[in-house]
2 protein chains.
Amino acid sequence: MPIPTPAMVTTDCAVFRVSEHKLEVLLIARANAPFAGCWALPGGFLEPDETLAECAARELVEETGVVPDYLEQLASYGDPGRDPRGRTVTIAYLGLKSDTAQSLAAADDAADARWFAVSSLPSLAFDHARIIADALTRLRAKLSYSSIALKLLPAEFPLSALQNVCEAILGHPLDKRNFRKQILGLGVVEDTGRRQRLGQHRPAMLYRAATTRGIQIFR
Amino acid sequence: MPIPTPAMVTTDCAVFRVSEHKLEVLLIARANAPFAGCWALPGGFLEPDETLAECAARELVEETGVVPDYLEQLASYGDPGRDPRGRTVTIAYLGLKSDTAQSLAAADDAADARWFAVSSLPSLAFDHARIIADALTRLRAKLSYSSIALKLLPAEFPLSALQNVCEAILGHPLDKRNFRKQILGLGVVEDTGRRQRLGQHRPAMLYRAATTRGIQIFR
DNA sequence: TAAAGTAAGTGTCGTTCAGACACTTGCAGG
DNA sequence: CCTGCAAGTGTCTGAACGACACTTACTTTA
């Protein structure tokens, strides 16, 4: 048996949020080589005693201060030459952050951390543009057969907010009546009995996820 | 920046075929420690200048002689302690082999290679039982929104063979008329104009995939 | 206190898709 | 020519999907 070549294992997180009707992804400005100063997904090297998911969550918090509301494994990327430092394999995660104001704290390996609209991304380090594209494909697909969109909302929300999130992810408007009919028919949200008074118009009924913890898959 | 800990990166393949109405997965008997003599997925260490997919295909051929007709990345598994030799991360692949008789050639790191019905698997090395379960979930899901089932069939096949494949994967019978109506409506297969005479009954029309190369995704 | 502005909320109809269901056709072997 | 066997074919019913417009409840301003 030949001696196996070790590789460096990293994780990267593509964390999305919806802010003001736009889908955004969280990026850091790299402090160190390679790609110093370049924008990249938050991520870093796997440590000895953590799982892959723990690594992804840890690096994300260290570099951005953002604690994700949802995290799932996306895919792995390990083409030779993807990292000028040597052979690396990254396990990419798809993360979601609910839309509540939160400050960003760039730290560690990051010089800066910012949310970028996915419709106007800067050029990115490594193969991170590809990873974001794959994450978007996954997110859009999963929207139609799971309750994943709820992870982009606070605990209680009006149905119009859920519709906004879906529209921002899909990139096109949805019919309000059909949307409500469908969502309520699925039973993934339940009425809180409370209303939200906000602005100079009719108050909206607040809903919550029918099941806390995790997401539901339909079909 | 702390010095990153290297890990060993491996790939493993869960390759399925349908044989005599049963869904089977390809396993090897491990020749070496750890888990020597135990059944496991074919796989091995990543080499310096190959992609992850190349590694998966290479190890599969080396250990079993099987050349897959389809290979896609499934997921990565890297819990600390999953391998007694030290920290390893494995990138698992889902493979399919079309149902044409082919000899198995155990070699390399494998003492033996055999197809096992997924309904009666032996106990497995590492976390490979989990990987197979995840691969099955993916395969069953993908059956309903892609043309993946065609990769389990030879180039030309009667519709009844396609139905058999789907039934074997799903584990329950399908209605013949509804099945044909749906498949033909999708346009993923086309008539070859030829018939297959086989046994003492009416010859079946042969079909082929409408697109060679890759699989089609619907919806 | 009335009018204007704004987002919330609500129902029907036509089309399409999914699922249940049984008989006829074409060939081989006896 | 009769039997056995898999191939092949159509209809109907209920459910889901998509198009489509007005009323309600509240705030602000005149």
Side-chain angles (χ1 to χ4, degrees), chain A residues 18 20-21 99 140-141 143-147 149 153-154 156-168 170-208 216-219, chain B residues 18 20-21 99 140-141 143-147 149 153-154 156-168 170-208 216-219:
Chain A
V18 173
E20 290 167 4
H21 246 253
D99 183 27
R140 292 200 174 108
L143 204 58
S144 62
Y145 66 88
S146 79
S147 64
L153 293 167
E156 301 196 350
F157 53 87
L159 285 188
S160 59
L162 180 55
Q163 186 175 344
N164 285 344
V165 161
C166 292
E167 289 173 338
L170 295 175
H172 60 81
L174 299 169
D175 179 83
K176 185 168 35 160
R177 282 175 292 188
N178 293 337
F179 181 81
R180 291 169 166 257
K181 202 194 318 175
Q182 194 206 122
I183 296 297
L184 295 175
L186 288 170
V188 289
V189 297
E190 59 190 24
D191 198 320
T192 61
R194 311 196 311 143
R195 293 169 181 283
Q196 166 178 267
R197 225 153 320 156
L198 184 67
Q200 59 218 45
H201 47 265
R202 178 172 178 174
M205 184 64 81
L206 289 170
Y207 291 81
R208 73 170 80 90
Q216 280 183 71
I217 308 287
F218 322 133
R219 298 180 205 216
Chain B
V18 173
E20 291 168 3
H21 246 254
D99 183 27
R140 292 200 174 107
L143 205 57
S144 62
Y145 66 88
S146 80
S147 63
L153 292 167
E156 301 196 350
F157 52 87
L159 285 187
S160 58
L162 180 53
Q163 186 175 344
N164 285 344
V165 160
C166 292
E167 288 175 338
L170 295 174
H172 62 79
L174 299 169
D175 179 85
K176 186 169 32 159
R177 283 175 293 189
N178 293 336
F179 181 79
R180 290 169 166 256
K181 202 193 320 172
Q182 195 206 119
I183 296 297
L184 295 176
L186 288 171
V188 290
V189 297
E190 58 190 24
D191 198 320
T192 62
R194 310 197 311 144
R195 295 170 179 281
Q196 165 177 266
R197 227 155 319 154
L198 186 70
Q200 61 218 47
H201 46 266
R202 179 174 178 173
M205 184 64 82
L206 288 172
Y207 291 81
R208 74 169 80 90
Q216 280 184 72
I217 307 288
F218 321 134
R219 297 177 208 223

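Being a predicted model, the structure only gives us computed values, none of them experimental. Every chain is numbered from 1 and lettered A, B, ... according to where its sequence line falls, protein lines coming before strand lines. All values below were derived from every heavy atom in this structure, side-chain atoms included, with hydrogens, water molecules and symmetry-related copies excluded.
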So, with a heavy-atom separation below 4.0 Å from DNA chain D, the residues of residues 185-193 of chain A are none
Examine D:dG8: is either OP1 or OP2 under 4.0 Å from a nitrogen or oxygen in the side chain of B:R180? Give yes or no. yes
State which of D:dA7, C:dA20, D:dG18 makes the closest approach to the side chain of B:K181. C:dA20
Measure from the side chain of A:A204, starting at C-beta and using heavy atoms only, and say which of C:dG19, D:dT9, C:dG9 lies closest. C:dG9
Stepwise side-chain contact (heavy atoms from CB on, under 4.5 Å) test for A:L162 and A:I183: CA-CA 9 Å; A:L162 180 55; A:I183 296 297; 3.9 Å; yes
Heavy-atom side-chain contact between [X] and [Y] under 4.5 Å:
X: A:H21; Y: A:E167; answer: yes
X: A:L174; Y: A:N178; answer: no
X: A:L159; Y: A:L184; answer: yes

Using whole Å, report how far [atom1] of [X] lies from [atom2] of [N].
X: B:L174; N: C:dG19; atom1: CG; atom2: C1'; value: 11 Å
X: B:F179; N: D:dA7; atom1: CZ; atom2: P; value: 12 Å
X: A:R219; N: C:dA18; atom1: CZ; atom2: C1'; value: 13 Å
X: A:L184; N: C:dG11; atom1: CG; atom2: C1'; value: 14 Å
X: B:I183; N: C:dC17; atom1: CD1; atom2: P; value: 15 Å
X: B:Q182; N: D:dG10; atom1: CD; atom2: C1'; value: 17 Å
X: B:D175; N: D:dG10; atom1: CG; atom2: C1'; value: 12 Å

One would report the end-axis bend of the helix from C:dT1-D:dA30 to C:dG30-D:dC1, five pairs per end and rounded to 10 degrees, as 10°
Where do A:V165 and A:V18 land on the side-chain contact (heavy atoms from CB on, under 4.5 Å) test, with the steps shown first? CA-CA 6 Å; A:V165 161; A:V18 173; 4.2 Å; yes
Would you say that more than 12 heavy atoms from the other residues, nucleotides or ligands in this model lie under 6.0 Å from the CZ of B:R140, or not? yes
DNA chain C contacts among residues 157-167 of chain B, heavy-atom distance under 4.0 Å: none
Would you compute the distance between atom CD of A:Q182 and atom OG of A:S144 and round it to the nearest 0.5 angstrom? 9.0 Å
From SG (A:C166) to CZ (A:F179), nearest 0.5 Å: 4.0 Å
Go through the steps to decide whether A:V189 and A:F157 satisfy the test side-chain contact (heavy atoms from CB on, under 4.5 Å), and finish with yes or no. CA-CA 10 Å; A:V189 297; A:F157 53 87; 3.8 Å; yes
What is the minimum heavy-atom distance between [X] and [Y], and which atoms define it?
X: B:Y207; Y: B:T192; value: C-CG2, 3.8 Å
X: B:Y145; Y: B:R219; value: CB-NE, 4.0 Å
X: B:Q216; Y: B:S147; value: N-OG, 2.7 Å

Quick one: the side chain of B:R177 and the base of C:dA22, do they pair up donor-acceptor inside 3.5 Å? yes
A:R177: salt bridge (charged side-chain N to carboxylate O under 4.0 Å, His left out) partners, not counting sequence neighbours: none
Find which nucleotide of DNA chain C each of A:K176 and B:N178 is nearest to by heavy atoms, and output the residue with the more 5' nucleotide. A:K176
Distances under 3.5 Å between nitrogen or oxygen atoms of protein and nucleotides 26-30 of chain C:
unit_1, atom_1, unit_2, atom_2, d
C:dG26, N2, B:R202, N, 2.8
C:dG26, N3, B:R202, N, 3.4
C:dC27, O2, B:Q200, O, 3.0

Taken in chain and number order and not counting sequence neighbours, the residues that satisfy side-chain contact (heavy atoms from CB on, under 4.5 Å) with B:R195 are B:P203, B:M205
